[in-house]
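Some notes on the structure that comes next.
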Amino acid sequence: MLVTSRRLSCLATQFGRAWVSSEPTRRPPPARPHWMERVESPPVNLSDTHPNQHDMHSDPRREIIGNRDVLREGYDPETIRHRAAEIDALSTLLSPTKVGGITETALLYGPPGSGKTCTTTAVLEEIENEHGVPTVAVNCWDDHTKSRVLYSVLKSLVGQTAYDQERTAASTLLDAVKDAIDEPTIIFLDEADKLVDEGVLRDLYEIEPVRLLLAGNDRHRVVGNLEHRVYSRIGTAQDVEFEKYHDGQLVEILEDRLTAAKVKPDIVSDEALAGIADAGSRDARKAIATLRNALDIVVLEGADEVTGPIIERAEQKAEQDIAHARISSLTASQTLVLKVLFDIGASTSGTIYDEYEQRIDDPAVDRTVRGWLTTKFPQYNLVTIREEENPQEYELTDAARAILE
DNA sequence: CATCCACGGGAAAAGCCGGTCG
DNA sequence: CGACCGGCTTTTCCCGTGGATG
């Protein structure tokens, strides 16, 4: 099943480019700078803390997964597959001869799990290593406010700072960032559509040597209403669009991980792999999470191989882990709104609010609850909005419902 | 030294309101 | 008209700091 020759030949055709074939030089772990923790921290994954890793000496099961690390969220693969065009576009856009030239901004957009982050990270790493161009990456999901973005940028540029992240004025941080930048520098804001205050984009953009890379799910959300206020000043931004992987491509990506993770052969059949790719609904992040969970189930339950039912459970677990973590981060009041939704099913904001108000002593005001329903909860993938209804209705996602039971 | 309190700042909540739809 | 939506603005909340006070 793990057809090595197929993988290699595929690689060869995918990447004729020099920088790709210099693969092995990529990612010297210690050189992994600053923001790496951020990339790893995102939304959480309870199952990441799961079994083995330690105490695996006498455990015969350790044979099953040699290196589970490769399967964790945020791990940067050795090889970027099926993104040759995007890599090409990014490399051209960011090549050192252009950095410092005309200030341009690149806009990367595409659905979740379409390789935006890992592709861009790889290209940036290449540029930093080969050409000495400083690069900074910020995940705006974690750092979605102005001060946090600036703090994060500053920390990447100068290491530890004397500033207190929460307490120093954004303007102070901005000045410090300006001072720290004296040569062309690439700043990559991942999930830029999660920013609360897009003013920070303009602030960063106006620092002369800075070149911005913005990534998000759809172009409209990323540029959206900053079109006039910021975007026009940003000038001609170059778009790089990422599309969902096809199932076949996803299978190859999963095969790479299986090999790198040194998973014992025969645990995951071709058929199972296809099933996992299918469950991932063309989202690489989700597919990998499903694979990881499926293998954990196999290990924990001593199964012989990954089966259909295991894949199904693994898929649900992947979603629920995330939902669980998200729900834990909510306030009691916010959780109550979800419970109301759980009890009464899909409803309009008015109905939800009436019921919510009944159940709590000091309810938040309706505008606030509406804000949660339309922005925060959907972003957390806890609620979906049924826009076809008029007025629109809010409904819990399956994962959220499973947690609230 | 221990407490108290006013202050500065960001983030989140609350308030306001014009607009849409049936 | 009533119910709801969502952009924008204003207010409140919250917390570390630092100076004053007992």
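Every heavy atom of this structure was used, including side-chain atoms; hydrogens, water molecules and symmetry mates were not. Protein chains get the first letters and strands the later ones, always in sequence-line order, with residue 1 at the start of each.
- In terms of phosphate contacts, A:Ser349 brings a side-chain nitrogen or oxygen within less than 4.0 Å of OP1 or OP2 of C:dC5.
- Side-chain atoms of A:Glu128 and A:Thr135 include a donor-acceptor pair closer than 3.5 Å.
- Between the CD atom of A:Gln379 and the P atom of C:dG6 there is a distance of 14 Å, given to the nearest Å.
- Donor-acceptor pairing under 3.5 Å is lacking for the side chains of A:Tyr394 and A:Thr374.
- Residue A:Glu312 places its CD atom among 12 or fewer non-hydrogen atoms of other residues, nucleotides or ligands, all under 6.0 Å distant.
- Here the two rings, on A:Tyr380 and A:Phe377, have centers that are 6.0 Å apart or farther.
- Whole-Å rounding puts the A:Tyr151 OH to B:dA11 P distance at 14 Å.
- Taken residue by residue, residues 358-372 of chain A places heavy atoms nearer than 4.0 Å to DNA chain B at A:Ala364, A:Val365, A:Arg367, A:Thr368, A:Trp372.
- Considering only side-chain N and O atoms, A:Ser147 lies nowhere under 4.0 angstrom from the phosphate OP1 or OP2 of B:dG10.
- The residue from A:Thr351, A:Leu382, A:Val383 that alone fulfils the side chain to side chain contact (heavy atoms under 4.5 Å, CB included) condition with A:Leu341 is A:Val383.
- Between A:Tyr394 and C:dC5 there is a side-chain N or O to OP1 or OP2 distance below 4.0 Å.
- For the residue pair A:Thr397 and A:Asn381, no side-chain donor N or O sits within less than 3.5 Å of a side-chain acceptor on the partner.
- The distance from atom CG of A:Leu150 to atom P of B:dA11 is 10 Å, rounded to the nearest whole Å.
- In the set C:dG6, C:dC4, B:dG10, C:dC4 carries the atom at the smallest distance from any side-chain atom of A:Thr351.
- Contact between A:Ile288 and A:Leu71 at its shortest, heavy atoms only, is CG2-O, 3.5 Å.
- Atom CD of A:Gln334 and atom C1' of B:dA11 are 13 Å apart (whole Å).
- Rounding to whole angstrom units, OH of residue A:Tyr353 and C1' of B:dA14 are separated by 10 Å.
- For the pair A:Asn390 CG and C:dG6 P, the computed distance is 11 Å after rounding to whole Å.
- Residue-environment remark: CD (A:Glu387) stays at or below the threshold of 12 foreign heavy atoms within 6.0 Å.
- Residue A:His144 contributes atom NE2, which lies 10 Å from atom C1' of B:dA12 at whole-angstrom precision.
- With the end axes of the helix from B:dC1-C:dG22 to B:dG22-C:dC1 each set by five pairs, the angle from one to the other reads 30° at 10° resolution.
- Under a cut-off of 6.0 angstrom, the local environment of CD in A:Glu271 is sparse, with at most 12 non-hydrogen atoms contributed by other residues, nucleotides or ligands.
- Taking side-chain N and O atoms only, A:Gln392 has a distance below 4.0 Å to OP1 or OP2 of C:dG6.
- Atom pair A:Glu393:CD and C:dC5:C1' shows a separation of 15 Å (rounding to whole Å applied).
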